[in-house]
Colleague: 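Can you read through this structure? Questions will come right after.
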There are 2 protein chains.
Amino acid sequence: MTKLRIDLIAENLITIHPLLYKSISRPLRNCTSITPAGMFVLGNLKRHGILSMSDIGKYLSMPKPHITVIVNKLIEEGYVERQNDPKDRRIIHIHITEKGLSDFENIKQAISENMKSKLVMLNDEELEQLSTASQRVKDILISILSKE
Amino acid sequence: MTKLRIDLIAENLITIHPLLYKSISRPLRNCTSITPAGMFVLGNLKRHGILSMSDIGKYLSMPKPHITVIVNKLIEEGYVERQNDPKDRRIIHIHITEKGLSDFENIKQAISENMKSKLVMLNDEELEQLSTASQRVKDILISILSKE
DNA sequence: TATAATAGTTATATTTTTGTAACCGTTATA
DNA sequence: TATAACGGTTACAAAAATATAACTATTATA
């Protein structure tokens with residue numbers, strides 16, 4: 001019973017994934033130079049605040065050398081900054097800049113606009129349902145697979 | 001009011017997207033040689049049946065040359081096959097093979113197993129909620145942004 | 001029938017993503 | 001204090017995704 005439910009959840013998420021990829025990651029290229037991976041980093045910085053390089057690697061499940069590349073590019077463009085930890089000088093804290101925050105919001109807004117053209121097909125009840133259901137999926141997914 | 005609701009939906013989906021990427025696309029590499037894009041193609045073939053190259057391009061929002069590359073690789077590995085259209089010989093229909101279907105199911109099962117280790121943290125009520133909510137998100141997203 | 005439009009492929013180049021090994025500096029520990 | 005462990009970077013290689021132009025074959029249309 002529980003197994004069936006878990007399979008259904010996996011099935012649903014596997015179906016949702018390419019639809020989001022198509023309507024979020026893909027349109028990104030047309031409105032910003034930030035790569036999808038860069039957006040993921042900014043999103044985590046916004047949600048969690050300052051993060052070390054290793055933390056970012058855990059949140060994204062990516063090896064550290066890749067994180068260095070992504071963060072370097074974000075720094076080049078002024079979206080994040082490095083901060084040394086005075087207590088443990090091995091650790092480097094990454095924090096999002098004002099520009100990073102505002103550009104991130106603008107890009108989300110652009111994606112939202114893009115999505116609006118599809119969402120207008122829905123009536124008020126469906127909109128309400130999608131709003132509630134996506135909120136629930138988001139909250140639960142964050143709670144179980146956010147870190148590591 | 002409606003605008004606020006649409007913004008909330010976009011915000012939720014943008015947050016969900018990297019979580020799915022991390023728990024679906026990334027673990028794929030460890031259990032199969034099929035690329036994420038290949039999985040997207042197989043998923044659409046399973047849902048919609050036989051599709052032309054152009055149809056696949058629309059469902060994935062990818063340019064046709066890229067589709068050729070993806071499909072060629074799927075053919076090499078025996079997951080899909082080409083079929084000529086006798087009525088319009090420009091059109092090539094792609095259909096999924098038995099092997100494609102069964103491997104696709106196995107991979108979904110593997111992802112489901114992988115996810116199970118996270119989902120066990122949820123109690124029955126949360127599991128029920130996630131199941132219902134993800135179903136609703138899936139159905140509505142398919143209805144509005146499946147094609148083109 | 002000449003021309004335009006469609007479906008798909010080939011070729012090419014660039015960017016992004018992925019992965020691994022080796023390395024440096026710092027901190028912890030035996 | 002010598003050694004191991006940790007946090008991060010550099011360097012390198014390879015696969016995947018992206019984009020565009022040019023091309024073939026076929027069908028539609030004027």
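All chains are named by letter (A, B, ...) in the order of the sequence lines, taking the proteins before the strands, and each is independently numbered beginning at 1.
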Colleague: Among D:dG8, D:dA28, D:dC6, which nucleotide has an atom closest to any side-chain atom of A:R90?
Modeller: D:dC6
Colleague: Hey, is the side chain of B:R89 poking within less than 4.0 Å of OP1 or OP2 on D:dT26, counting only N and O atoms?
Modeller: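 So the side chain of B:R89 is within the cut-off, an N or O lying under 4.0 Å from OP1 or OP2 of D:dT26.
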Colleague: Would you mind reading off the distance between B:E77 atom CD and D:dA15 atom C1', rounded to a whole angstrom?
Modeller: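 Interatomic distance, CD of B:E77 to C1' of D:dA15: 13 Å.
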Colleague: Below 4.0 angstrom, N of the basic side chain to O of the carboxylate: do A:K3 and A:D7 qualify?
Modeller: yes
Colleague: What is the distance, rounded to the nearest whole Å, between atom CG of A:D85 and atom P of D:dG7?
Modeller: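 Rounded to the whole Å, the gap is 11 Å.
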Colleague: Mind checking which nucleotides bracket the chain B contacts on DNA chain C, 5' to 3', with an atom under 4.0 Å from a heavy atom?
Modeller: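 It runs C:dA5 to C:dG19.
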Colleague: Can you name the residues that form a ring pair (Phe, Tyr, Trp, His ring centres under 6.0 Å) with A:H66, not counting sequence neighbours?
Modeller: none
Colleague: Report, as a single string ordered 5' to 3', how protein heavy atoms within less than 4.0 Å touch nucleotides 16-23 of chain D: B base, S sugar-phosphate only, - not at all.
Modeller: SSBSBB--
Colleague: What are the two closest heavy atoms between B:V137 and A:I16, and how far apart are they?
Modeller: CG1-CD1, 3.8 Å
Colleague: Would you check if the side chain of B:S131 reaches a backbone N or O of B:L127 as a donor-acceptor pair within less than 3.5 Å?
Modeller: no
Colleague: Would you check if the side chain of A:S134 reaches a backbone N or O of A:L130 as a donor-acceptor pair within less than 3.5 Å?
Modeller: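 Confirmed, A:S134 side chain pairs with A:L130 backbone.
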Colleague: Quick one: does any side-chain atom of B:T97 pair with a main-chain N or O of B:Y79 as donor and acceptor, under 3.5 Å?
Modeller: yes
Colleague: Determine: side-chain N/O of A:S54 to OP1/OP2 of D:dG8, distance under 4.0 Å, yes or no.
Modeller: yes
Colleague: Search all heavy atoms of A:R26 against all heavy atoms of B:S61 and return the closest pair with its distance.
Modeller: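 The answer is NH1-O, 2.6 Å.
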Colleague: Rounding to an integer number of Å, can you tell me how far A:I91 CD1 sits from D:dC6 C1'?
Modeller: 9 Å
Colleague: Whole-Å distance between D:dT10 P and A:I67 CD1?
Modeller: 15 Å
Colleague: Hey, any chance B:M39 and B:V69 share a hydrophobic cluster, counting ILVMFWY side chains that come within less than 4.5 Å of each other, even indirectly?
Modeller: no
